[in-house]
Number of protein chains: 2
Amino acid sequence: MVEGLDAARMTCWRAYIESSQRLLTALEDELREGSELSLADYHVLVLLSEAPRQRLRMGELAGRLVFSPSRLTYQISSMRRRGLVVRESCPQDRRGSEAVLTAAGLLALRRAAPQHLAAVRARFMDDLDEAEVAALTRVFTRLGDRLRDHTATTRPRGEHAASREPRDEHADSREPRGDRAAS
Amino acid sequence: MVEGLDAARMTCWRAYIESSQRLLTALEDELREGSELSLADYHVLVLLSEAPRQRLRMGELAGRLVFSPSRLTYQISSMRRRGLVVRESCPQDRRGSEAVLTAAGLLALRRAAPQHLAAVRARFMDDLDEAEVAALTRVFTRLGDRLRDHTATTRPRGEHAASREPRDEHADSREPRGDRAAS
DNA sequence: AACAGGTATTTCAGATTTGAATGATGCTAT
DNA sequence: ATAGCATCATTCAAATCTGAAATACCTGTT
């Protein structure tokens with residue numbers, strides 16, 4: 001048997017995997033019972049609300065959400081049925097289509113955000129001291145950067161990974177933006 | 001709008017969510033292409049291989065995997081079809097049933113483990129220094145402990161969460177066990 | 001301008017996941 | 001013992017997710 005992880009890393013890995021799963025499950029449950037939204041719905045709404053004209057190309061959205069293209073198509077169809085978004089075809093590129101936030105979608109986000117963010121704090125963030133926040137930020141930012149590259153390079157999950165151009169100006173803004181609707 | 005997360009925590013939260021998603025996706029893809037196993041299959045096999053007689057009750061398995069009961073039923077059926085496990089009804093409690101690792105299941109795990117663990121290291125663990133490993137372990141162990149309690153107490157996801165008794169002796173062992181097969 | 005080769009997205013069938021309902025058994029207090 | 005409630009697990013239908021194939025359009029070349 002090839003050498004696996006050392007004991008400390010194995011413990012770390014297992015704690016991370018299991019607790020992350022529990023956390024996501026808990027947040028999903030709490031979000032659903034306090035709103036009509038799933039976590040996926042919520043993430044879509046956040047991204048759209050922060051986007052320039054509250055709209056994003058399907059591919060851009062899929063890339064940021066880490067969704068396969070077909071999953072995103074399904075997700076947006078579902079949200080459209082519920083009036084949270086509408087679709088428009090992209091004028092610059094007629095192959096493309098955009099998801100556009102509706103007033104109802106924005107309202108849904110604004111209503112759901114306080115509870116959801118409170119839940120994120122209650123279940124996770126409030127337990128972290130500043131040093132821990134800094135450590136997690138460093139680790140996961142680095143991880144995300146490496147995996148974004150890797151996905152784009154190696155196995156374009158559904159072809160929606162970030163483009164090869166120098167760098168898309170939206171692609172990794174992690175800072176608040178002013179036009180943010182809820183968060 | 002109620003106060004959300006402070007800027008540092010929001011950055012942290014988003015980096016964690018996105019990169020965790022990318023990591024899981026990458027590991028799932030790599031595991032599937034190097035074996036016939038999904039990540040869920042792999043986790044089941046690891047737990048069974050470490051269990052006393054290489055068998056676990058459905059509920060115990062669901063609780064540790066953070067699976068709903070019906071999801072676990074489906075998962076185990078699928079693994080049984082492929083010969084990775086068999087099922088036995090539990091002698092002590094005739095309501096219950098056990099999943100038991102087969103020789104083929106153990107073999108599949110032993111074959112898949114080296115590549116999978118190498119991927120875990122390559123994509124994640126090798127980038128962490130000792131202090132980061134320690135910080136993550138502390139944070140996620142604490143998180144897991146709190147969420148295990150919370151789930152058990154508040155909203156027994158499918159009723160398989162740990163019992164309310166003082167503490168189930170299997171429930172949070174995170175240490176290697178000696179009889180471990182692969183990891 | 002027609003072609004070749006790429007890209008963006010959807011469609012489709014099949015696999016997985018969910019949650020509510022069901023069946024079967026265990027447990028406790030009569 | 002047995003009624004009454006709790007627990008373990010499965011089933012079923014509906015919702016979601018995946019990957020391969022199809023569709024429509026772009027772009028650079030000739």
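Every chain is numbered from 1, with letters handed out A, B, ... down the list of sequences.
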**Request:** Return the value, rounded to whole Å, for the distance between atom CZ of B:Arg32 and atom C1' of D:dC17.
**Result:** 11 Å

**Item:** Residue whose closest nucleotide on DNA chain D lies nearer the 5' end, B:Leu72 versus A:Ser78
**Value:** B:Leu72

**Asked** Any sub-3.5 Å donor-acceptor pair from B:Arg142's side-chain atoms to A:Asp127's backbone N or O?
**Response** yes

**Request:** Measure from CD on A:Glu28 to P on C:dT17 and round the result to the nearest Å.
**Result:** 14 Å

**Request:** Would you mind telling me which of D:dT10, D:dT16, D:dC17 lies closest to the side-chain atoms of A:Tyr74?
**Result:** D:dT16

**Complete:** When rounded to whole Å, the CZ to P distance for the pair A:Arg81 and D:dA15 reads 8 Å

**Complete:** Nearest-nucleotide check on DNA chain D, B:Gly96 vs A:Arg71; residue mapping nearer the 5' end is B:Gly96

**Item:** Exam field: side chain A:Arg9 to backbone B:Met125, donor-acceptor pair closer than 3.5 Å
**Value:** yes

**Item:** Single-linkage hydrophobic cluster, 4.5 Å side-chain cutoff, A:Leu106 and A:Val100 together
**Value:** no

**Message:** Rounding to an integer number of Å, can you tell me how far B:Ile76 CD1 sits from C:dT17 P?
**Reply:** 12 Å

**Distance test, side-chain N/O of B:Arg87 to OP1/OP2 of D:dA9, below 4.0 Å** = no

**Item:** Atom-pair distance (CD on B:Gln75; P on D:dA9), nearest Å
**Value:** 16 Å

**Request:** Quickly work out the A:Arg57 CZ to D:dA24 C1' distance and round it to whole Å.
**Result:** 13 Å

**Request:** Work out which heavy atom in B:Arg123 is nearest to a heavy atom in B:Ala26; give both atom names and the distance.
**Result:** CD-CB, 4.2 Å

**Item:** Nearest-angstrom distance from the residue atom CG of A:Leu37 to P of D:dA15
**Value:** 17 Å

**Prompt:** Between A:Glu98 and A:Arg53, is there a salt bridge with N-O shorter than 4.0 Å?
**Reply:** no

**Item:** Proximity to the side chain of A:Thr73 - top-ranked nucleotide from D:dA9, C:dT18, C:dT9
**Value:** C:dT9

Short N/O separations, protein against nucleotides 23-26 of chain C, under 3.5 angstrom:
from   : atom 1 : to      : atom 2 : distance (Å)
C:dG26 : OP1    : B:Arg94 : N      : 3.0

**Prompt:** How are the rings of A:His116 and A:His43 set to each other: parallel, tilted or perpendicular (split at 30° and 60°)?
**Reply:** perpendicular

**Prompt:** For C:dT17, does either OP1 or OP2 sit under 4.0 Å from a side-chain N or O belonging to B:Ser68?
**Reply:** no

**Request:** Specify the separation, in whole Å, of atom CG of A:Asp41 and atom P of D:dT16.
**Result:** 8 Å

**Request:** Check every atom of D:dC17, C:dT17, D:dT18 against the side chain of A:Ser70 and return the nucleotide holding the closest atom.
**Result:** D:dT18

**Message:** Any salt bridge linking A:Arg55 with A:Glu88? Criterion: basic side-chain nitrogen under 4.0 Å from a carboxylate oxygen.
**Reply:** yes

